[in-house]
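As the structure lists them, so they are numbered: ligands from 1, and atoms in each ligand from 1. All residue numbers refer to positions in the sequence shown, counting from 1.
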Amino acid sequence: MSRSAHPAGPRHADVLPEGRYPGSTAPPADLNSLDPQVWAQTVRRSADGAVSVGGLDVRALAEEFGTPAYILDEADFRARCRAWRSAFGEGADVYYAGKAFLSRAVVRWLHEEGLNLDVCSGGELATALDAGMPPERIALHGNNKSSEEIDRAVGAGVGRIVLDSFQEIARVAHAARRHGRRQPVQIRVTVGVEAHTHEFIATAHEDQKFGLALAGSAAHPEAGGGPAAEAVRRVLQLDDLELTGIHSHIGSQIFDMAGFEVSARRVVGLLTAVRDEHGVELPEIDLGGGLGIAYTAEDDPSAPHDIAKALRDIVTRECEAAGLAVPRLSVEPGRAIVGPTAFTLYEVGTLKELEGLRTYVSVDGGMSDNIRTALYDAEYSVALVSRSSDAEPMLSRVVGKHCESGDIVVRDAFLPADLAPGDLLAVPATGAYCRSMASNYNHALRPPVVAVKDGAARTIVRRETEEDLLRLDVG
Ligand code: LLP
């Protein structure tokens, strides 16, 4: 099973199991098939065996844009935005989490599709504003926003700043006063839930840097006595801040709604305590992001509609039980929107068969364009996309060109035994946290993001050049 025990990605298959197969998985029946759960919506294998996306042959894309490259299916991105929007409806807001992947084109798509945007740095804020996102649809996050970032956000008129510490309450209030603006804020709370895929572990999650703890102590999770309640008291005393609600984000790549259920219950518990103490009913709840996607055929994420219904039901039930008006709900999916919409296109450079073990397939990218495998033991799948093949399955490890052995893109994969240098491989579901976490390690040039739609392709983030690298190196 690919979903266990890491807050930001699955972890397993370090050791080659008996029988040479990764885990208990046998080779897929057809190496040429493309699982629609994992691939962007317009990806197809054509009659001649090559794969196309948005109506464009990957061989032509490689020719025109080079490899490695992130190929992003714009129609799929927009469809996922619409699915999330309509699943939550008019009574809720969907904030796309820009940290998953942000560019000016993405901001425009979000704007057009009616989504809001969560930014977590000055750079993301600048991108959002530059591309014309209305400031009132932007939320600013971060556990250590600089005074300059706060000042720019308040000055721009962002719709929401999510407060993450006591120090920040004063900083945002100060900026609001300077700009003569009453700044809407939420308070990020730590609800004592650690969301793994199948489990949540109460209390452990409080030992981390984000948010203000709900609980007075880990053993007594009732709202009211903890730092979060104290933050509410302080914010309500400040005329420059308008406290609109409570925010909770419990983790990432989550499939199980149980963690959200506990989170919503505890957030509503705080709303109730706030009403009882201050006579104020806060009008908003944000339950964060973290909804999981399929990286391999074994992952089975829920549809946005089902997720929205589950979250709405939880919040409604808890509010009714507490006698509170149901607040406006918002969520912040990043990965669930952009993750499945892109794949990374690589060219095979070398192959090394290790007798009795596996074949190492080296591609022209690696940990600089996808750090997730090395960092989180994340699992990916991979397919030969420049042609089909009837050759036998070959147990493979797809690795990059960086100078370390942890430079693994896909730890365990079956590829056709006739794979050869020059073949194109694609790793699906790389839309989230791959380009946004890409690095220049070994002075690699970060790959472009190419958007495809209706038979046309355009670069939305260009490939880095050696001039780009040298421009920063002032000698
Ligand atoms: N909202 C907040 C406050 C967050 O901190 C995050 C992610 C999200 C929303 C969006 O979460 P998503 O829906 O994309 O899971 N680099 C890691 C993921 C880190 C997520 C950090 N916060 C990875 O590659 O898996």
Run the numbers for me: atoms of ligand 1, each under 4.0 Å from some heavy atom of [X], listed by number.
| X | answer |
| --- | --- |
| Arg188 | 3 (C) |
| Glu332 | 1 (N), 2 (C), 3 (C), 8 (C), 9 (C), 10 (C), 13 (O) |
| His141 | 3 (C) |
| Met437 | 16 (N), 24 (O) |
| Arg372 | 23 (C), 24 (O), 25 (O) |
| Ala97 | 8 (C), 9 (C), 10 (C) |
| Asp118 | 1 (N), 9 (C) |
| Gly334 | 12 (P), 13 (O), 14 (O) |

Determine whether more than 12 heavy atoms belonging to other residues, nucleotides or ligands lie under 6.0 Å from atom [atom1] of [X].
| X | atom1 | result |
| --- | --- | --- |
| His179 | NE2 | yes |
| His443 | NE2 | no |
| Glu112 | CD | yes |

Just list the side-chain donor-acceptor pairs under 3.5 Å for residues 337-348, sequence neighbours left out, or say none.
from, atom 1, to, atom 2, distance (Å)
Thr341, OG1, Val338, O, 2.7
Thr344, OG1, Thr430, OG1, 2.8
Tyr346, OH, Asp369, OD1, 2.5

Just to be sure I read this right, does ligand 1 sit under 4.0 Å from the backbone of [X], its side chain, both, or neither, counting only heavy atoms?
| X | result |
| --- | --- |
| Val162 | neither |
| Tyr376 | side chain |
| Pro333 | backbone |
| His249 | side chain |

Taking Thr296's backbone N and O only, do any of them form a donor-acceptor pair with Ser381's side chain (distance below 3.5 Å, no angle check)? no

Could you tell me whether the side chain of Arg137 and the main chain of Leu115 form a donor-acceptor pair under 3.5 Å? yes

Output every pair passing ring pair (Phe, Tyr, Trp, His ring centres under 6.0 Å) with a member in residues 296-315, not counting sequence neighbours, ordered by first then second residue. none

Does the ring centre of Phe77 sit less than 6.0 Å away from the ring centre of Tyr96? yes

Proximity of His249 and Phe210 rings by center, below 6.0 Å: no

Can Ala432 be said to touch ligand 1, with heavy atoms closer than 4.0 Å? no

Which option, Gly290, Cys434, Gly211, Gly339, owns the non-hydrogen atom nearest atom 13 (O) of ligand 1? Gly290

In terms of ring plane angle, is the pair His247 and His141 parallel, tilted or perpendicular, where the classes change at 30° and 60°? perpendicular

May I ask you to check whether Tyr433 has an N/O atom sitting below 3.5 Å from an N/O atom of ligand 1? yes

